[in-house]
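What follows is a set of notes on a single structure, which appears directly below.
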Amino acid sequence: MNRDRVAALTRIFADKRILVIGDLMLDEFLWGKVSRISPEAPVPVVEVVREEWFPGGAANVARNLAEFSKHVRVLGFTGVCSHAEHLKKLLTSEGINIDTVQSHACYQTIVKTRIIARQQHVVRIDREKKLHVQPEHAAAALAQIEALLPEIDAIIVEDYGKGLLAQPFAEAICDLANRAGKILAVDPNPHNPLAWRHVSVIKPNRVEAFASAGLPQEEPIDPPTEDTALLEVGRVLSEKWDADNLLITLGEQGVLLFRHDAPPYHAPTRAREVFDVSGAGDTVIALYTLALSAGATPAEAAEIANHASGVVVGKLGTATVTPAELLASFVE
């Protein structure tokens, strides 16, 4: 792709209206320095010098979208607590609509705290409790989705396996999106094996793809288009999910796109340096969906998503890519 084509598409991104559905989290980063070992146990003492908070999980997908469009909504559940209020404040500060976020005292807001010293990840602390969505809350969420369909261009479903997505809820989302003719993108979770059918794109990473296909992990082969084990995984999942596009992210190998009417398409990684891969998958599904909704071909969308991911992994923490950074990643 050339930069003129990317620039034209990103201008269209600004008008696209996307709904993100999924497990919402608050990411907390404690940045510090280590100068001694604790006298109480053989562990480093981290002196905290900076604290940062970011929307995480499905909320990070919305945050990636918000860099390109100010018509982004997020749907999910939180508890009733200071963490929930902090997360919602962060989302609204980035122009993300939270009208479809339900907060109930029966749920716990998921918080992931990462302690980082000298750019090294020391430990992660998770505060979470599996979500068991009450039937009346699920019904209210589906009613909200149905009411929004005339106003949106695409739906992204982000499954972090925290309990929001059960089979009846997933089926109802698919039915609503298909009847309305909307783009539906899914980031699945192999630990929550749902029957996704007739969606626009499904985006697992390599490990998730092998697990979802029920096949044993094998070492990657270069190039991926000659990786027979990976190609078999793509064939199995294409039949299993019957998605228009199956996009498998491959880390340092980039992405591999499977379609029913074309041979697999490989976009090699564009990352120059890799500091942190957390959230890179969120960037991929966000930009791939945006590109499809703007009229990009599946291969063009894969290239754009791959370039965006290459920018994000060069940053520390839960990061996003800006339109200027995306454009700059494409050579003239």
Side-chain angles (χ1 to χ4, degrees), residues 1-22 24 54-55 58-76 88-101 144-145 147-158 177 180-187 200-201 203 245 247 255 267 270 279-312 314-315 318-332:
M1 293 184 70
N2 61 50
R3 291 181 66 175
D4 288 344
R5 174 62 172 159
V6 177
L9 287 169
T10 55
R11 286 193 292 271
I12 299 172
F13 289 176
D15 296 322
K16 291 302 159 183
R17 303 158 299 173
I18 314 293
L19 171 65
V20 180
I21 302 170
L24 306 180
F54 300 99
N60 186 48
V61 176
R63 182 170 167 250
N64 274 270
L65 292 165
E67 291 283 0
F68 294 85
S69 169
K70 293 307 176 187
H71 307 287
V72 180
R73 294 174 177 267
V74 64
L75 184 150
K88 289 188 282 188
K89 187 177 293 186
L90 287 172
L91 288 166
T92 54
S93 71
E94 299 200 33
I96 297 166
N97 188 305
I98 60 169
D99 289 349
T100 49
V101 174
Q144 289 174 318
I145 296 168
L148 284 173
L149 285 172
E151 304 174 23
I152 59 177
D153 297 297
I155 298 172
I156 297 176
V157 178
E158 186 73 28
K182 302 297 181 180
I183 292 171
L184 176 59
V186 175
D187 195 345
S200 307
V201 58
K203 185 221 68 67
N245 303 281
L247 186 68
V255 301
R270 305 299 178 181
D282 298 342
T283 302
V284 170
I285 197 165
L287 270 295
Y288 191 88
T289 307
L290 260 182
L292 280 186
S293 68
T297 67
E300 287 177 330
E303 288 287 353
I304 287 172
N306 190 47
H307 274 258
S309 174
V311 174
V312 163
K315 302 179 181 182
T318 309
T320 60
V321 57
T322 67
E325 290 171 331
L326 176 63
L327 192 60
S329 73
F330 285 86
V331 297
E332 291 287 1

Check for a donor-acceptor pair, side chain of [X] on one end and backbone N or O of [Y] on the other, with a separation under 3.5 Å.
X	Y	result
Lys203	Ile285	no
Asp153	Ile18	no
Lys182	Ile152	yes
Ser69	Asp15	no
Ser309	Val284	no

Nearest heavy-atom pair of [X] and [Y]: which atoms, and what distance?
X	Y	answer
Ala58	Leu24	CB-CD2, 4.1 Å
Thr289	Ala185	OG1-CB, 3.2 Å
His71	Lys16	CB-O, 3.5 Å
Ala305	Leu287	CA-CB, 4.0 Å
Ala286	Asn64	CB-CB, 3.8 Å

Using the side-chain hydrogen bond (donor to acceptor under 3.5 Å, both in side chains) criterion, which residues pair with Glu67? Sequence neighbours excluded. Thr320
Here's a test for you: under side-chain contact (heavy atoms from CB on, under 4.5 Å), which of Asn60, Ile21, Val74, Val61 qualifies with Glu158? Val61
Residue among Val321, Ile12, Thr322 satisfying side-chain contact (heavy atoms from CB on, under 4.5 Å) with Phe68: Val321
Separation between [atom1] of [X] and [atom2] of [Y], rounded to the nearest 0.5 Å:
X	Y	atom1	atom2	value
Thr283	Leu65	OG1	CG	9.5 Å
Arg5	Leu9	CZ	CG	4.0 Å
Ile145	Leu75	CD1	CG	5.0 Å
Arg73	Gln144	CZ	CD	9.5 Å
Ile155	Arg17	CD1	CZ	12.0 Å
Glu94	Arg63	CD	CZ	5.0 Å

Using the rule given for side-chain contact (heavy atoms from CB on, under 4.5 Å), can you reason through Leu327 versus Thr10, listing the C-alpha separation, both sets of side-chain angles and the distance that settles it, and then say yes or no? CA-CA 9 Å; Leu327 192 60; Thr10 55; 5.6 Å; no
Does atom NZ of Lys89 have more than 12 heavy-atom neighbours from other groups under 6.0 Å away?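 Atom NZ in Lys89 is not crowded, with 12 or fewer foreign heavy atoms closer than 6.0 Å.
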Below 30° counts as parallel, above 60° as perpendicular, anything between as tilted: where do the rings of Phe330 and His307 land? parallel
Dump the intermediate steps for side-chain contact (heavy atoms from CB on, under 4.5 Å) on Leu326 and Val311, then the final yes or no. CA-CA 7 Å; Leu326 176 63; Val311 174; 5.9 Å; no
Heavy-atom distance under 4.5 Å between the side chains of Tyr288 and Asn245, does that happen here?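 Answer yes - side chains close enough.
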Please step through side-chain contact (heavy atoms from CB on, under 4.5 Å) for the pair Asp187 and Ile156, ending with a clear verdict. CA-CA 8 Å; Asp187 195 345; Ile156 297 176; 5.9 Å; no
